[in-house]
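What follows is a single structure, written as structure tokens, with notes after it.
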Amino acid sequence: MKTSAAEILREYGPFPGVAQVHGVTFDGQHIWLASGDKLNALDPASGKTVRAIDVAAHAGTAFDGQHLFQIAEDRIQKIDPKTGRVVSTIPAPGGGGDSGLAWAEGTLWVGQHRGRKIHQIDPQTGAILRTIESNRVVTGVTWVDGELWHGTWR
């Protein structure tokens, strides 16, 4: 694997009323961060919160080009970012032990924290299409340049 030093271009926070960030995604206009009981939209230029959606936001957050997806306990909510309305829900594959969420290849990728797995699921039904085992705790998932990555700690 080729490695290189990363350059931090910008840092955001702290955010008033936000004790922890549980998920992050970008919709092309706003950075969305999950903070337990809200999804917060940040302006990337200023770092300021420009709006919030009152919705359970306990773990991973993803954007499919039209909707936000948010893990809330044992389910994944599909949210219209324009209205803030939850338009549908599907079961989360880890039954509440889910830790990260990403959108790629027309499907959702869900980390299962202590289960040490990543599930590819159908975003309409929640059906598990594929499971990838990890030898580490899965804390977050993302796709970069056609590759699936996950965060961890030992």
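All heavy atoms count here, side chains included; hydrogens, waters and symmetry mates do not.
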Does [Y] offer a backbone N or O that forms a donor-acceptor pair with the side chain of [X] under 3.5 Å?
X      : Y      : value
Thr107 : Ala104 : yes
Arg10  : Ala45  : yes
Gln70  : Gly60  : yes
His58  : Glu73  : yes
Thr89  : Gln77  : no
Tyr12  : Pro44  : yes
Trp109 : Val141 : no
Thr49  : Asn40  : no

Smallest separation among heavy atoms of Ala57 and Ala34, with atom names: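 In this case the closest contact between Ala57 and Ala34 is CB-CB, 3.5 Å.
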
Which pair of heavy atoms, one from Pro93 and one from Ile121, lies closest together, and at what distance?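 Result for this residue pair: CG-CG2, 4.1 Å.
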
Group every Ile, Leu, Val, Met, Phe, Trp and Tyr by side-chain heavy-atom contacts under 4.5 Å, then state whether [X] and [Y] land in the same group.
X      : Y      : result
Val24  : Leu42  : yes
Ile132 : Val138 : yes
Val18  : Phe26  : yes
Leu39  : Phe63  : yes
Leu148 : Trp103 : no

Side-chain heavy-atom pair [X], [Y] within 4.5 angstrom cut-off:
X      : Y      : value
Glu133 : Arg116 : no
Ile128 : Gln120 : no
Thr61  : Leu33  : no
Val137 : His113 : yes
Ile53  : Trp32  : yes

Residues clustering with Leu129 (ILVMFWY side chains joined when closer than 4.5 Å, directly or via others):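 Direct or chained contacts put Leu129 with none.
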
Within this structure, what is the [atom1]-[atom2] distance for the pair [X] and [Y], rounded to the nearest 0.5 Å?
X      : Y      : atom1 : atom2 : result
Asp64  : Leu108 : CG    : CG    : 8.0 Å
His67  : Ser88  : NE2   : OG    : 7.5 Å
Ser134 : His150 : OG    : NE2   : 3.0 Å
Lys78  : Ile90  : NZ    : CD1   : 9.0 Å
Thr25  : Phe69  : OG1   : CZ    : 10.5 Å
Asp98  : Ile76  : CG    : CD1   : 6.5 Å

For Lys48 and Asp43, what are the C-alpha separation, side-chain angles and deciding distance, and is it a salt bridge (charged side-chain N to carboxylate O under 4.0 Å, His left out)? CA-CA 6 Å; Lys48 303 280 185 205; Asp43 172 21; over 6 Å; no

In sequence, state the C-alpha distance, the side-chain angles, and the governing distance for Ile118 and Thr131, and then conclude on side-chain contact (heavy atoms from CB on, under 4.5 Å). CA-CA 6 Å; Ile118 301 168; Thr131 298; over 6 Å; no

Evaluate the criterion side-chain contact (heavy atoms from CB on, under 4.5 Å) for residue pair Val55 and Val86; output intermediate values, then yes/no. CA-CA 8 Å; Val55 64; Val86 175; 3.8 Å; yes

Is it true that Arg85 and Asp80 have a side-chain N and a carboxylate O under 4.0 angstrom from each other?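 Salt bridge between Arg85 and Asp80, a charged N being under 4.0 Å from a carboxylate O: no.
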
